[in-house]
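Report on one structure; see the data block that follows.
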Amino acid sequence: MNPLIDFTNKTTDELMELNKTYTQKLYNLNGNNPLYYQILDLRDAVQLEYHERMQMQLHKEKLKQKPEQTIEIGEIS
């Protein structure tokens, strides 16, 4: 993962476009080309950021749908 490139400030649409761009570049490169693995790492980083955002959004939606419930297990005397 490249520490100089920050994908966290991109929108989800921009991440999808970057994923598409990197995938197209991978199709055009030979697997023996040294740039192939750099672009592959960039695409993996974009996909990771996108999937993390989707997981966080799904988690937030689940919390909105189902409020916390308190379970009483007994009383202490």
Side-chain angles (χ1 to χ4, degrees):
M1 199 155 144
N2 192 337
L4 301 176
I5 300 176
D6 184 24
F7 294 115
T8 57
N9 56 4
K10 303 278 188 200
T11 65
T12 53
D13 292 333
E14 290 173 334
L15 289 173
M16 292 300 290
E17 283 299 316
L18 281 172
N19 184 29
K20 182 179 175 183
T21 302
Y22 291 146
T23 302
Q24 288 174 348
K25 287 182 181 183
L26 286 173
Y27 285 136
N28 294 332
L29 285 175
N30 184 0
N32 296 328
N33 191 333
L35 287 176
Y36 181 85
Y37 293 104
Q38 289 179 344
I39 294 174
L40 184 63
D41 287 341
L42 287 171
R43 188 187 71 172
D44 289 344
V46 168
Q47 288 177 345
L48 178 66
E49 179 66 27
Y50 180 78
H51 290 298
E52 284 179 350
R53 286 188 192 184
M54 293 299 111
Q55 288 293 327
M56 289 175 61
Q57 183 179 4
L58 182 64
H59 181 69
K60 287 178 184 177
E61 288 175 2
K62 282 184 179 179
L63 288 177
K64 286 180 184 177
Q65 292 176 356
K66 186 173 149 185
E68 281 189 34
Q69 297 178 353
T70 305
I71 300 174
E72 295 201 22
I73 56 172
E75 293 183 12
I76 298 176
S77 53

| request: Over all heavy atoms of both residues, which pair between N9 and E14 is shortest? Give the atoms and the distance, please. | output: O-OE1, 4.4 Å

| Looking only at heavy atoms, which two atoms of R43 and T23 are closest? And how far apart? | CD-OG1, 3.2 Å

Side-chain polar contacts of residues 46-53 - donor-acceptor pairs under 3.5 angstrom, sequence neighbours left out - could you list them?
unit_1 : atom_1 : unit_2 : atom_2 : d
Q47    : NE2    : N19    : OD1    : 3.3
E49    : OE2    : R53    : NE     : 3.1
R53    : NH1    : K10    : O      : 2.4
R53    : NH2    : F7     : O      : 3.3
R53    : NH2    : T8     : O      : 2.8
R53    : NH2    : K10    : O      : 2.6

| request: Kindly write out the residues that satisfy side chain to side chain contact (heavy atoms under 4.5 Å, CB included) with L29, not counting sequence neighbours, or none if the list is empty. | output: N33, L35, Y36, I39

| request: Output all residues satisfying side chain to side chain contact (heavy atoms under 4.5 Å, CB included) with Q24, sequence neighbours left out; order by chain, then residue number. | output: K20

| query | Going from OG1 on T21 to CG on L42, what distance comes out if it is rounded to the nearest 0.5 angstrom? | reply | 11.5 Å

| note | Here the gap from E17 atom CD to D13 atom CG, rounded to the nearest 0.5 Å, amounts to 8.0 Å

